[in-house]
Amino acid sequence: LFMDLLKDNIGRLYARFLLTSFGSTLISSIYGLVDAAMVGRYHGPDGSAAMAVVSPMWNIIYSLGLLAAIGGSVLYAVARGRGETSANRYFTASVTMAGIISVLLVAVLYVFEEPLLRLFGATDSLLPLCKDYLLSLKPSVPVYVFICIFSSFLRNDSDPARATKAVLAGGIFNVFGDYFFVFTLDMGIKGAGIATAMGASVSLIVLATHFFSKKNTLRFERDRHIFSSCGRIIYNGFSSFIVDIAMGVLTILFNRSILQYLNTDALAVYGVIVSVSTFVQCCAYGVGQASQPILSQNYGANLFNRIRLLLKYNVITCAVIGVLWTALTMLLPTAFIRLFMTPTENVLLIAPGIMRVYALSFLLLPFNVYASYYCQSTLDSPGSMTVSVSRGILLSGALIIVLPLVFGGDSVWWAMPVTELLVAVFASMRMHLRLKRAQRSVQSA
């Protein structure tokens, strides 16, 4: 069905986009969750620890994919909202960037695999497991990058349902493939990597069918100023890049701090926390990705009352997500541990206290991730950058380093709750003031 993002009812538009985006992001997060659960149950705490070490690899891949995908699709949507005829130049530039990024990533992963894993916290005992998982990931990097590109542009080309179908098809394959390769074929962590790569390939094939559909308006067009277009994409998409790359940086900092002040059992618990936190963050991605096409087109058309109403719905959704995941983690910490690994007695002893402290960060995490999307969708790149860098690297990184030095190793778990609180205060003030100022400038013009 055709959707007019500038005239259709905001509530119904948001509900349709949220349903598809939510399904897409949740199912995509299942890739990592199923891998973590299967590997943890097959290899025990060492498997969960190895997945925690490998997780920054995913963050690097997806962050670079989102740099081109979100940056390009936002500019594409704003250009359509303004009635510009050359919006497809941003699609062309984004695909070109994706190809370059893919080649560079593959080269880096093959050449610097072991140094990177050591940097991410791999010990001698974990290194073989990490390398086994990466056997299938390295050659399939372009698949993950182009999934980011195509799914983002499909949502902005009024085909969000196909993006969900694509991820659903890949997710189902991944779930059953994980069990088959890990347990039936007794391949362990190596099998999990194979299943994930094959599932992602299925998703990409389904996404590509959009270009043969009647509703497709995405075209490659010659752009004499493609370098300028790429520059604008990087500038506007950098905050999305920071959001995901920051998860990798945080994981590295946490891994190293935990091994320095605590032990490998605590690292295994953190491996579970990474999986749960990724799921919560993907819920927030769903809200941001559902809102982005609507926000960007209405911003381009200066329809600020519609933006204000959508913002209200978005904040309510983020609040529900935050309360739900905080409550679940607080009430069922050992259930999450048993889901993702075969735990030892010591792991079960220390896990509840760790997870309940860290879970406090889930209250505001969805809003902060959405705030970065909101600023980006309304071309407030400095605001989006500040939110992303503060929660992803500056504040959080400083607290991860300083808290254990001052209050002891266990205080490291408070780093994220404190970070999310401080960032939420800044983000809410920034969003309110920017919207008020933009509306005033249009009225006075």
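By convention here, the first residue in the shown sequence is residue 1.
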For Arg430 and Thr386: C-alpha separation, side-chain torsions, deciding distance, then whether side-chain hydrogen bond (donor to acceptor under 3.5 Å, both in side chains) applies. CA-CA 10 Å; Arg430 175 85 181 191; Thr386 303; 5.9 Å; no

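Side-chain contact, Arg155 with Gln292: no donor N or O sits under 3.5 Å from an acceptor N or O. A donor-acceptor contact closer than 3.5 angstrom is absent between the side chains of Tyr370 and Thr317. Neither side chain, Tyr374 nor Asp380, offers a donor N or O lying under 3.5 Å from an acceptor on the other. Arg391 and Ser396 share no side-chain donor-acceptor pair at under 3.5 Å.
Enclosure of atom CZ in Phe426 by more than 12 non-hydrogen atoms of other residues, nucleotides or ligands within 6.0 angstrom is indicated. Within 6.0 Å of CZ in Arg256 there are 12 or fewer heavy atoms belonging to other residues, nucleotides or ligands. The environment of CZ in Phe183 is crowded: more than 12 heavy-atom neighbours from other residues, nucleotides or ligands sit within 6.0 Å. Remark: Phe112 CZ is loosely packed, at most 12 non-hydrogen atoms of other residues, nucleotides or ligands lying under 6.0 Å away. Heavy atoms from other residues, nucleotides or ligands lying under 6.0 Å from NZ of Lys190 number 12 at most.
When the options Ile401, Ile400, Leu399 are evaluated for a side chain to side chain contact (heavy atoms under 4.5 Å, CB included) with Leu403, the one that passes is Leu399.
Between Ser291 and Val287 the shortest side-chain heavy-atom distance falls below 4.5 Å. Looking at Tyr373 and Ile70, their side chains come closer than 4.5 Å, going by heavy atoms from C-beta outward. Contact annotation: the side chain of Leu267 never approaches that of Leu262 to less than 4.5 Å [non-hydrogen atoms, C-beta and beyond]. Contact check for Tyr133 versus Leu129: no side-chain heavy atoms found under the 4.5 Å cut-off. Put simply, the side chain of Phe362 does not reach to within 4.5 Å of the side chain of Leu328, judged on heavy atoms. The side-chain heavy atoms of Ser377 and Tyr299, taken from C-beta on, include no pair separated by under 4.5 Å.
Ionic pairing of Arg219 and Asp157 is not present here: no N-O contact between side-chain nitrogen and carboxylate oxygen is shorter than 4.0 angstrom. Salt bridge status for Asp124 with Arg118: present, with a side-chain N to carboxylate O gap under 4.0 Å.
Atom CG in Leu13 sits 8.5 Å away from atom CG in Asn298 (nearest 0.5 Å). Distance OG1/Thr217 to CG/Asn156: 10.0 Å, rounded to 0.5 Å.
For Phe211 and Phe150, the ring centers sit closer than 6.0 Å to each other. Separation of the Tyr76 and Phe91 ring centroids does not fall under the 6.0 Å cut-off.
Between Trp413 and Tyr358, the ring-plane angle classifies as perpendicular under the 30° and 60° cut-offs.
Partners of Glu221 according to the salt bridge (charged side-chain N to carboxylate O under 4.0 Å, His left out) rule, which considers only residues two or more places apart in sequence or in another chain, do not exist here.
Of the possible donor and acceptor atoms, one in the side chain of Thr326 sits under 3.5 Å from a partner among the backbone N and O of Leu363.
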